[in-house]
Amino acid sequence: MNYSISRRAASLTPSLTLAIDAKAKQMKADGIDVVVFGAGEPDFPTPPHIVEAAIKALLDGFTKYTPSSGIPELRQAAADKFSRDNGLVYKPSQIIVSCGGKHSCCNVILATCNPGDEVIIPAPYWLSYPEMVRLAEATPVIIETTDKTEFKIAPEQLRAAITPRTRLFILNSPSNPTGSVYTPEEIKALGDICVEKGVLIMSDEIYEKLVYDGAQHASVAAFSPQHFQHTIIVHGLAKAYSMTGWRIGLTAAPEPIAKAIDAIQSHSTSNPTSFAQKGAVAALTGPQDHLPLWVAEFARRRVYAWKRLNCMPGLSCVNAKGAFYLFPNISQTGLGSLDFCSQLLDKQKVAAVPGTAFGAADYIRLSYATSMESIEKGLDRIESFLRGRA
Ligand SMILES: *Cc1c(COP(=O)(O)O)cnc(C)c1O
């Protein structure tokens, strides 16, 4: 029997973060007191009214197939959200509900890219983007950035990266892994170039609600009708409602792209989980009062961690204004990010994600979506680690 796997599958890099994560989990299971800065999800529980809506849906027997692109109620609630929060007018038919924001991203890329097309991705990037582009047999074109520009690309860099084969530009603000937030002016300038060059933008706005220090989220779709026509928004409930396990993502797209995504989805996953969709309706239409509390708590942890990191020998950290990550520069320690993280885990029992996973070997990613107590303990240990080396 020939078990050789497809070229498509062979082109993927298994998640680098997984090795460290698995090791940290094993250490925990062995009773070792590990501090985990690796989490990509809020540490708060899903708000109870959302949970109750899903339970009610189950008890009411809402347990069958739904339309593949989502229940009309949820597509309407999502359209209302874009109108309310972003001033964007979408018909429910332009909204596709998928099995998580990650699935939404993958569908967008599969629906728009042909083999040989180029997709521009600023680094540091969310590690799944280039892999999804490879799955579509398209080519990731990476634009490097550093902490000197707060990991933001300049319009000229985008312009220089565009070729006749460019199909898509992936914008993720606020960013995972850096926490960077582009200003509305910066977003508009990038959007202007895509409009001029006829390049589609996939704007991943999943961290929209998690911004600090007066930073403002702007959707690139909102600047003009032309910007709107060039943009596909990916959104989801995972981060702002702490619903990572529910697997509900949203895409808002021009009608032909929405139709193409629906076709892909109808032959791959079919509908996202029926009762999770009911929970998502409750999330989007119900009270939003958990958000200011979560944002205030994230803000407090962020400032604390940021200040401490900048006092540690060999580290420097720019002030990230969004999401729940800090991305300190470790290049002065003389260690690459993989060695840094593996030694930190071995010697100090602290798990962090090497920047290499995100295309940036001089950095590590620390998530502050964990308790203040863990953050204090973890930072004490990172400090000991660095002083031990200094
Ligand atoms: C978390 C995340 C998503 C979506 O996550 P899901 O759990 O699939 O909804 C999308 N983009 C980025 C950058 C993320 O960090």
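Atoms within each ligand, like the ligands themselves, are counted from 1 in listed order. Residues take their numbers from the sequence shown, with the count starting at 1. Atom set for the values below is all heavy atoms of this structure, side chains included, hydrogens, waters and symmetry mates excluded.
Atom numbering of ligand 1 starts at 1 in the shown order; those under 4.0 Å from a heavy atom of G100 are 8 (O), 9 (O).
Here the side chains of F169 and M202 are not in contact, with every heavy-atom distance at 4.5 Å or above. Using a 4.5 Å heavy-atom threshold, the side chains of K307 and V303 count as touching.
Residue D204 has at least one nitrogen or oxygen atom sitting less than 3.5 Å from a nitrogen or oxygen atom of ligand 1, judged on distance alone. Inclusion of I206 in the set of residues having an N or O under 3.5 Å from an N or O of ligand 1 is not warranted.
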Query - Steps toward ring-ring contact (aromatic ring centres under 6.0 Å, His included) verdict (F327, F151) - result: CA-CA 10 Å; F327 207 64; F151 306 106; 5.4 Å; yes

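When ring centroids are compared, F358 and Y125 stay outside the 6.0 Å threshold.
The shell of residues lying under 4.0 angstrom from ligand 1, judged by heavy atoms, includes A238.
Residues Q332 and S316 have side chains that never bring a donor and an acceptor to within less than 3.5 angstrom of each other.
The single protein non-hydrogen atom nearest to atom 9 (O) of ligand 1 is G101 N, 2.7 Å, given as residue, atom name and distance. Of all protein heavy atoms, the one lying nearest to atom 15 (O) of ligand 1 is Y207 OH, 2.7 Å.
With a 4.0 Å cut-off on non-hydrogen atoms, N172 touches ligand 1 through its side chain and not its backbone. Contacts between Y129 and ligand 1, counted as non-hydrogen atom pairs separated by less than 4.0 Å, involve the side chain only.
Of the candidates M243, R247, K239, K102, it is K239 that places a heavy atom closest to atom 2 (C) of ligand 1.
Ionic pairing of E186 and K152 is present here: one or more N-O contacts between side-chain nitrogen and carboxylate oxygen are shorter than 4.0 angstrom.
Under the 6.0 Å distance and 45° angle rule, K278 counts as a cation-pi partner of F62.
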